[in-house]
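Chain letters run A, B, ... following the sequence lines, proteins first, then strands; residues in each count from 1. This structure is a prediction, so every number in the text was calculated from the model and none was measured.
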Amino acid sequence: MEVSYNALKLHPKDNVAVALKRISEGEIVFISNFESNLVALEEIPYGHKISLHVINENEEIKKYGECMGKATNEILVASHVHVHNVRGLNENERLEIINHVMEA
Amino acid sequence: MKTFDGYRRPDGSIGVRNHVIVINTVGELSALTRKIANLTPGVIPVIHHGGVAQFPEDHTQTLRTLVGTAGHSNVSATLVVGTENDPIAQEIYKILKKKGKPVHTVCLNKNQKIPEILHEGRSWLLTALENSKKEVREQCDITELIVGLECGGSDAWSGITANPSIGAFSDMIIREGGTSVLAETTEAIGAEHILASNAINREVGREFLDIVRTYEHRIKQTGEDIRSANPTPGNMAGGLTTLEEKSLGCIKKGGGTPLKEVISYAGKPTEKGFVFMDTPGYDVESVCGLAAGGAQVVLFSTGKGSPTGSPIVPVIKIGTNPKVYEIMSEHIDINAGKIIDQNKSINDIGKEIFDKVITVSNGEKTAAENELNQEFAIWRLAESI
C-alpha cells in the first residue's frame, strides 16, 4: 500500500522531522525514513519541526545530522520544536565544535 | 567533454552574454549614466551609488568590483561615465584597454555642455552595439565556466530541496572540470566547522574560519549581534529556529566537493573547483561580487521569491517549494519544490539545473533577464567620509 507521508526525517541521526504539510493536534504523523507513526501533541505548521523522541533539557537538536541548537526545556515526543523550546549555541559551545573538527 | 557556445574575448576569457554597458564611477553620475542608456536602446546601465570619499578598504573594494564588472567576459564593450580627471575612470580605462576590451570614457567637465557629453556617449555606444553584433559564439569547454552559488529569502525548504540540488549541480560541474563559487560569509556562521573540515587542507580551512571570524567581529564592533538579526522574522515564520539551522541549510549549496580556495569579495578564483567568496548575506551585493569575480552565471535559490537579478550575468532562480514557483513563476526558472510533491530526487533537480546552466550559457534568457531585473550594489565595509 502506498503510504502518504506528512513529515520527513532528513538524516539517520536526527531527532526531529520536518512537516510536509500542516499537521493538526491529534493527527497521525507518517514520517518518511522513520520506523513508527506518531500522534501530534500540538499543531505543527508547514515546514516546521516535530520531535521524534523525548528530548531532554540541554540536549542537542539534530537536523541534517548536525547540531542546530539545544533544547531549553524537556520536549515531549511529537511536539512542535521551535524558538519557544530551542536556543542557538553560545560562543563557547561553538568554539568547542570548531576546535574539535580542526584538531581531528 | 561537455561544451557550450560562448564568446571568446581577446584576453582569453569566455562570456555567455554579449552586453554593451554604460557604468558610472561615482554615485553623483547615476542620472547622467541612466540618460545615456535611455538614449541608446540595447545598452545596459550599470548604476551604483558609492562615492569617491571612502576609507581605503572600501576604495580598493569598489575599484576591484567596478573593474571586474566593466571588464567582465559577458560584456562586449564598456562606456565609463566619470568626473573630470577621474582617477577611477582612468584606472578602469587602462585595465580594460590592456585586456583588449572596447572601452571609452566620457567625463563631466567644465568645458563640455551636458548634451554634448550625452551625444558623445551615445555615438560611441551605437558603434559598439553595431560591432557587438558581428561577434559570434563558438564552442567552448565547460571547464571555462564559473558558476556563482547564492540564496535569498530562505525558508525551511531551502536546506531540503533547492540548496542540496544546487550542491548536486556543484559536484557535477566540478567533476566536469568547471568551477563553482559559494558566497555569503554571514550565512555560514554556525556551520563554518563543516566547510572548514571539508577543505582540501588545514590552511584553506583556517582561511575560511578567518573570514567568518573577521566578519563576525566587524558586526560586533557596531554593537550588533548577528544572532539577534538571524533567523529573520520571515525565516522563523517559515520554520527556521536558529542561526545554525539556517546556515546548515545554506551551505548545502556547496555540495560535497572539498573547498579548494577562499577569495575576497569580487576576487577572481585562481583555481578550478569549489571556491568560497567572502560576501555579505545581502543578495544584491553578493551577486554583484560573484559577477565581478568572473562568474558568468549565478544560481540563486529562493523560498520567498526574491526577484534579484544582475545587469551583466544571467541569474537562474530556483524555487524551494511548489507554492513560490506557482505564484512567482515570472521570477523563477526551476521548481525544486518537485522534491516535496512530485517524487523528484535531489539528483534529478541537480541534473535539471545542470542542463539549464548549459542552455542559459548558450544564450537562453533567464526569468530575471526577461523581467529586466538588473540590481547592482557594491558591498561597503565602512562609513562614507
Side-chain angles (χ1 to χ4, degrees), chain A residues 2-11 13-14 16-23 32-33 43-51 55 60-72 75 80-91 93-104, chain B residues 154-161 163-164 167 189-199 202-203 205-206 208-210 212-213 216 220 225-228 230-231 233 235-252 303 320-324 337 339-341 343 346:
Chain A
E2 180 97 357
V3 180
S4 181
Y5 297 114
N6 51 4
L8 172 65
K9 184 183 175 187
L10 293 167
H11 190 279
K13 285 186 190 164
D14 290 359
V16 294
V18 180
L20 293 169
K21 48 189 74 159
R22 181 185 158 275
I23 297 167
S32 175
N33 306 322
E43 185 193 319
I44 317 291
Y46 173 67
H48 286 230
K49 294 173 290 299
I50 182 169
S51 49
I55 301 171
E60 290 186 352
I61 310 294
K62 295 264 194 185
K63 186 182 173 188
Y64 309 113
E66 301 287 344
C67 171
M68 57 152 276
K70 290 192 171 182
T72 52
I75 302 173
H80 183 208
V81 178
H82 202 23
V83 288
H84 61 286
N85 51 18
V86 179
R87 65 167 175 87
L89 299 186
N90 62 38
E91 194 73 12
E93 290 166 334
R94 262 186 62 205
L95 275 178
E96 211 173 289
I97 292 179
I98 292 171
N99 289 338
H100 180 73
V101 300
M102 291 311 281
E103 280 156 18
Chain B
S154 296
D155 67 359
W157 303 109
S158 301
I160 300 170
T161 60
N163 289 353
I189 296 174
E192 65 268 48
H193 59 285
I194 296 171
L195 277 176
S197 62
N198 196 27
R202 199 158 288 224
E203 197 188 339
R206 284 278 165 217
F208 176 69
L209 291 175
D210 280 348
V212 176
R213 194 173 305 124
E216 224 177 335
K220 276 196 190 126
D225 186 338
I226 182 87
R227 276 152 202 284
S228 56
N230 268 291
N235 293 152
M236 282 193 255
L240 289 174
T241 303
T242 61
L243 176 69
E244 286 82 1
E245 184 183 12
K246 184 178 173 181
S247 296
L248 287 167
C250 184
I251 64 163
K252 295 270 172 205
T320 68
N321 64 79
K323 189 157 185 207
V324 75
I339 294 170
I340 306 173
D341 66 358
N343 259 330
I346 283 166

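- Residue with the most contacts toward chain B among A:L10, A:V86, A:L89, A:V101: A:L89 (heavy-atom pairs, distance under 4.5 Å).
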Show which side-chain atoms of residues 189-197 of chain B pair as donor or acceptor with protein atoms under 3.5 Å away, not counting sequence neighbours.
residue, atom, partner, partner atom, Å
B:E192, OE1, B:G190, N, 2.6
B:E192, OE2, A:R94, NH2, 2.2
B:S197, OG, B:H193, O, 2.9
B:S197, OG, B:I194, O, 3.1

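- At a 4.5 Å heavy-atom cutoff, the contact between A:L8 and chain B is made by side-chain atoms alone.
- Contacts of B:I340 with chain A are made by side-chain atoms alone, with heavy-atom separations under 4.5 Å and no backbone atom involved.
- Although no hydrogens or angles enter the test, the distance criterion places a donor-acceptor pair under 3.5 Å between the side chain of A:H48 and the main chain of B:A237.
- Annotation for A:H11: atom NE2 counts as buried by contact number, over 12 foreign heavy atoms lying within 6.0 Å.
- Nearest heavy atom pair, residue B:A156 against residue A:G47, reads CB-O, 3.1 Å.
- Side-chain contact check for A:V81 versus B:T241: every heavy-atom pair is 4.5 Å or farther apart.
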Without placing hydrogens or testing angles, list every side-chain donor-acceptor pair under 3.5 Å for residues 62-71 of chain A, not counting sequence neighbours.
residue, atom, partner, partner atom, Å
A:K62, NZ, A:E60, OE1, 3.4
A:K63, NZ, B:E245, OE2, 2.8
A:K70, NZ, A:E93, OE2, 3.3

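- Looking at A:V18, only its side chain comes within 4.5 Å of chain B, counting heavy atoms on both sides.
- Contact tally against chain A (heavy-atom pairs below 4.5 Å) for B:D341, B:D155, B:L248: the top residue is B:L248.
- Considering only heavy-atom pairs separated by less than 4.5 Å from chain A, the leading option among B:L243, B:L240, B:I160 is B:I160.
- Here the straight-line distance linking atom NE2 of A:H82 with atom OG1 of B:T242 works out to 10.0 Å at 0.5 Å rounding.
- Proximity to chain A (any heavy atom under 4.5 Å) is restricted, for B:L209, to the side chain, taken from C-beta onward.
- Here B:I339 contributes atom CD1 and A:L20 contributes atom CG; the two are 12.0 Å apart, rounded to the nearest 0.5 Å.
- Proximity to chain A (any heavy atom under 4.5 Å) is restricted, for B:K252, to the side chain, taken from C-beta onward.
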